[in-house]
Novice: 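Got a structure for you, questions after.
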Amino acid sequence: MSLADTVAEGPTTWMGDPAPFRIGSEAHKRLFCQMLLETHNPYKPAVIDWPKLTEEMRERLISLPIWDIAVQTEGKASMRVKAYAEMVASDPWLKKAVDMNAFEEGRHKHVLSNLVAAYGIQLEPEPQYVQPKDTEWAFMVTGFSECIDSFFAFGLFEFARRSKFFPDELVETFEPVMREECRHILFFVNWVAWWRRNMPFWRRPWFELKVMAVWIFLAMERVGMGQSVADGAKPQDNNFTVTGASAITTDDIDISELMDVCLQENDRRMAGYDPRLIRPMFMPRMVRLARRFMRPSKKPLPQAA
C-alpha cells in the first residue's frame, strides 16, 4: 500500500469564494490561507508500506547522492517556517496557515527518514538546527528556494515516472509530497504579494532589497553546488535539485528535454488551483527565455501514461 492509498487523496483542484478581491486585501489573504488549509492531506508517514524493490532498483536508489541533503533541507525548512508562524501569531489566519506549512515540512522529513530506514540507506548525523536570527529572511530563503527546487523537482519526478527510472509504486508513494510542494510555493508567492502591499511604506525599500539579496544568495548557493558536483566533491548545500538532476538525468535526456518536462509539469500542477491566485513565475519565465536560445529536443518527450 502506497502513501497515496493510506487515506483519501487530497484534492487536486480547489476554488475559493468566487467574490472578487484585490491583491493585498484581507480577502486575498483569506483565499491563499484557505487554499493551504483546505487542501491538506492528513496522511501519516508511519503507515506507509514501502514497496519492495529489486536489487538493481535498490542500488539505484541508494546511489543517489541526495538523502543527507534532502532530510536536512526539510528539517531546516520546518524549523524556519515554524519560527515565522510564531512571528505572525497576532494574525489568526496567517498563523494557522503557516503552522500547517511547517507541519507538512516536518512530515516530509519523517517520510524521507522512513524511506532511508526502509531501504538501508546510511545517513550522516544531522547537524543541530539553529533558530534563525532574522526570521523573515529565513522564511523568504526557504520559500524562494522551494520555488526553484520544486519547479525542477516536478520535471525530474515526472521524467523518473515516464522513463521507469524507479518503479511506479515508489513514484506513486511520493505523489502526495509533490502536491504539497506545489501548494507550499503557491501559498508563499501569494504571501509575498500580500505582504508587499500591506507592510508600512517605510519598510518597502528594505523589503525589496531583502528580496533581491535572497535571490542573489540562492544563485550563489546553486553555483557553488553545481561546481561541487562538477568537481566530484560531496555537496554540502541545503538543496538537492542539482545533485538529484545529475543522478537521474543521463545521456537519454538532454537539458532542453528536461526543461520542457519541467514546464509541462509546472503548468499541470498549478492548473488545478483557483486561477486568481498568483503563480510562481520566475523560474518558468527564465526557462522559457532560455529555451528560445536552445535547440529543440533531440527526440520526442516520453509521454505520460
Novice: Could you measure the distance from the CZ atom of Arg183 to the CE atom of Met35? Nearest 0.5 Å is fine.
Specialist: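 Answer rounded to 0.5 Å: 6.5 Å.
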Novice: Any sub-3.5 Å donor-acceptor pair from Arg58's side-chain atoms to Leu53's backbone N or O?
Specialist: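 Side chain of Arg58 to backbone of Leu53, a donor-acceptor pair under 3.5 Å: no, none is there.
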Novice: Drop me the distance from Met87's CE to Leu94's CG, to the nearest 0.5 angstrom.
Specialist: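 Going from the CE atom of Met87 to the CG atom of Leu94 covers 10.5 Å.
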Novice: Just do the side chain to side chain contact (heavy atoms under 4.5 Å, CB included) check on Cys262 and Phe159 with the steps written out, would you?
Specialist: CA-CA 9 Å; Cys262 289; Phe159 179 76; over 6 Å; no
Novice: Can you find a side-chain donor-acceptor pair between Tyr84 and Trp191 that sits under 3.5 Å?
Specialist: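 Side-chain D/A pair, Tyr84 to Trp191: present.
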Novice: Any Lys/Arg nitrogen of Arg161 or Glu265 sitting under 4.0 Å from an Asp/Glu carboxylate oxygen of the other?
Specialist: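 The answer is no: the pair does not qualify as a salt bridge.
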Novice: Apply salt bridge (charged side-chain N to carboxylate O under 4.0 Å, His left out) to Lys109 and Glu126, showing your working.
Specialist: CA-CA 12 Å; Lys109 181 176 182 294; Glu126 292 183 54; 3.3 Å; yes
Novice: For a side chain to side chain contact (heavy atoms under 4.5 Å, CB included) check, start with the C-alpha distance between Leu115 and Leu61, then their side-chain angles and the critical distance, and finish with the verdict.
Specialist: CA-CA 10 Å; Leu115 178 147; Leu61 187 73; 4.3 Å; yes
Novice: Can Glu180 and Tyr43 be counted as having a side-chain donor-acceptor contact under 3.5 angstrom?
Specialist: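 Indeed, the side chains of Glu180 and Tyr43 share at least one donor-acceptor pair under 3.5 Å.
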Novice: Are the side chains of Asn41 and Arg179 in touch, meaning some heavy atoms are under 4.5 Å apart?
Specialist: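 When only atoms from C-beta onward are counted, Arg179 and Asn41 do not touch, as no gap falls below 4.5 Å.
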Novice: Under the criterion side chain to side chain contact (heavy atoms under 4.5 Å, CB included), I'd like the reasoning laid out for Met15 against Tyr273: C-alpha separation, chi angles, the key distance, then a yes or no.
Specialist: CA-CA 6 Å; Met15 290 291 294; Tyr273 297 96; over 6 Å; no
Novice: Tell me if the centroids of the rings in Phe144 and Phe282 come within less than 6.0 Å of each other.
Specialist: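 So the answer is no for these two rings.
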Novice: Measure the acute angle between the ring planes of Trp194 and Phe32, then classify it against the limits of 30° and 60° as parallel, tilted or perpendicular.
Specialist: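 Because their plane-to-plane angle is over 60°, the rings of Trp194 and Phe32 count as perpendicular.
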Novice: Compare all side-chain heavy atoms of Met79 with those of Gln131 and state whether any distance is below 4.5 angstrom.
Specialist: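 When only atoms from C-beta onward are counted, Gln131 and Met79 do touch, with a gap below 4.5 Å.
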Novice: Using a strict cut-off of less than 4.0 Å between a Lys/Arg side-chain nitrogen and an Asp/Glu carboxylate oxygen, indicate whether Arg30 and Asp17 qualify as a salt bridge.
Specialist: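 Looking at Arg30 and Asp17, the cut-off is not met.
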Novice: With clusters defined by side-chain heavy atoms of hydrophobic residues (ILVMFWY) lying less than 4.5 Å apart, directly or transitively, does Met281 cluster with Ile185?
Specialist: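 Looking at the clustering, Met281 is in a separate group from Ile185.
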Novice: Is there a donor-acceptor contact under 3.5 Å from the side chain of Arg80 to the main chain of Pro132?
Specialist: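 Such a contact is absent between Arg80 side chain and Pro132 backbone.
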Novice: So, do Ser78 and Tyr129 sit near enough that their side-chain heavy atoms are less than 4.5 Å apart?
Specialist: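 A side-chain contact under 4.5 Å is absent here.
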Novice: Could you measure the distance from the CD atom of Glu104 to the CG atom of Asp99? Nearest 0.5 Å is fine.
Specialist: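 With rounding to 0.5 Å, CD (Glu104) is 11.5 Å from CG (Asp99).
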Novice: Using every non-hydrogen atom in the two residues, find where Leu37 and Ala97 come nearest and quote the distance to one decimal.
Specialist: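 So the two residues come closest at CD2-CA, 4.0 Å.
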Novice: For residues Met212 and Phe217, determine if any side-chain heavy atom of one lies less than 4.5 Å from a side-chain heavy atom of the other.
Specialist: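 A side-chain contact under 4.5 Å is absent here.
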Novice: Could you tell me the separation between the CE atom of Met57 and the CG atom of Leu170, rounded to the nearest 0.5 Å?
Specialist: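 One finds 9.0 Å between CE of Met57 and CG of Leu170.
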Novice: Measure across Ala102 and Lys82 and return the closest heavy-atom pair with its distance rounded to 0.1 Å.
Specialist: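 So the minimum-distance heavy-atom pair works out to CB-N, 3.6 Å.
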Novice: Quick one: are Leu277 and Phe187 in side-chain contact, heavy atoms under 4.5 Å?
Specialist: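 Contact flag for Leu277/Phe187 side chains = no.
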Novice: How far does OG of Ser145 sit from CE of Met140, to the nearest 0.5 angstrom?
Specialist: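 Going from the OG atom of Ser145 to the CE atom of Met140 covers 13.0 Å.
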Novice: Does some side-chain heavy atom of Trp67 sit less than 4.5 Å from a side-chain heavy atom of Tyr119?
Specialist: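 Not touching, per the 4.5 Å side-chain cut-off.
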Novice: Side chains of Asp260 and Arg291, heavy atoms from C-beta outward: is any pair under 4.5 Å?
Specialist: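 A side-chain contact under 4.5 Å exists here.
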Novice: Quick check: are there more than 12 heavy atoms from other residues, nucleotides or ligands sitting under 6.0 Å from NZ of Lys96?
Specialist: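 No, because the 6.0 Å sphere around NZ of Lys96 holds 12 heavy atoms or fewer from other groups.
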Novice: Does Leu64 belong to the same Ile/Leu/Val/Met/Phe/Trp/Tyr cluster as Ile62, with side-chain heavy atoms less than 4.5 Å apart forming each link?
Specialist: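 Yes: a chain of side-chain contacts under 4.5 Å links Leu64 to Ile62.
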Novice: Taking Lys210 first and then Glu136, would you say they form a salt bridge - that is, a charged N and a carboxylate O separated by under 4.0 Å?
Specialist: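 Salt bridge present between Lys210 and Glu136.
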Novice: Give me the atom names and distance for the closest heavy-atom approach of Pro51 to Glu169.
Specialist: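 Nearest pair, atom of Pro51 first, then Glu169: CB-CB, 3.8 Å.
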Novice: Set out, in order, the CA-CA distance, both residues' side-chain angles and the distance that settles side chain to side chain contact (heavy atoms under 4.5 Å, CB included) for Glu86 and Lys95, then state yes or no.
Specialist: CA-CA 7 Å; Glu86 297 303 320; Lys95 172 70 162 59; 3.8 Å; yes
Novice: Taking the side chain from Asn266 and the backbone from Phe151, do they hold a donor-acceptor pair closer than 3.5 Å?
Specialist: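 Such a contact is absent between Asn266 side chain and Phe151 backbone.
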Novice: Looking only at heavy atoms, which two atoms of Ala193 and Ile278 are closest? And how far apart?
Specialist: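 Scanning both residues, the minimum pair turns out to be CB-CD1, 3.3 Å.
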Novice: Could you report the tightest heavy-atom contact between Ile148 and Met283, atom names first, then the distance?
Specialist: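 Distance-wise, the nearest heavy atoms are CA-CG, 3.9 Å.
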Novice: Under the criterion side chain to side chain contact (heavy atoms under 4.5 Å, CB included), which of Leu186, Asn190, Asp267 is the partner of Arg279?
Specialist: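 Exactly one candidate clears the test, Leu186.
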Novice: Verify side-chain hydrogen bond (donor to acceptor under 3.5 Å, both in side chains) between Glu74 and His110, making sure each step is shown before the conclusion.
Specialist: CA-CA 9 Å; Glu74 299 297 352; His110 289 307; over 6 Å; no
Novice: Suppose we call two aromatic rings close when their centres sit under 6.0 Å apart. Are Phe139 and Trp195 close by that rule?
Specialist: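 Distance test on ring centres: not under 6.0 Å, no.
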Novice: For residues Met178 and Ser150, determine if any side-chain heavy atom of one lies less than 4.5 Å from a side-chain heavy atom of the other.
Specialist: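 Answer no - side chains too far apart.
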Novice: If you compare all heavy atoms of Asp274 against all heavy atoms of Gly16, which two are closest, and at what distance to 0.1 Å?
Specialist: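 Minimum heavy-atom separation between Asp274 and Gly16: OD2-N, 3.0 Å.
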Novice: Between Ser25 (side chain) and Phe21 (backbone), is there a donor-acceptor pair under 3.5 Å?
Specialist: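 Such a contact is absent between Ser25 side chain and Phe21 backbone.
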Novice: When rounded to the nearest 0.5 angstrom, what is the spacing between CG in Asp68 and CD in Gln122?
Specialist: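 Reported to 0.5 Å precision, the distance equals 10.0 Å.
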Novice: Would you call Arg203-Glu208 a salt bridge at under 4.0 Å N-O?
Specialist: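 Here Arg203 does not pair with Glu208 in a salt bridge, since their nearest N and O are not under 4.0 Å apart.
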Novice: Give a yes or no on whether the backbone of Arg60 and the side-chain of Ser63 come within a donor-acceptor separation of less than 3.5 Å.
Specialist: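 Yes; judged by distance alone, with no hydrogens or angles, the pair exists.
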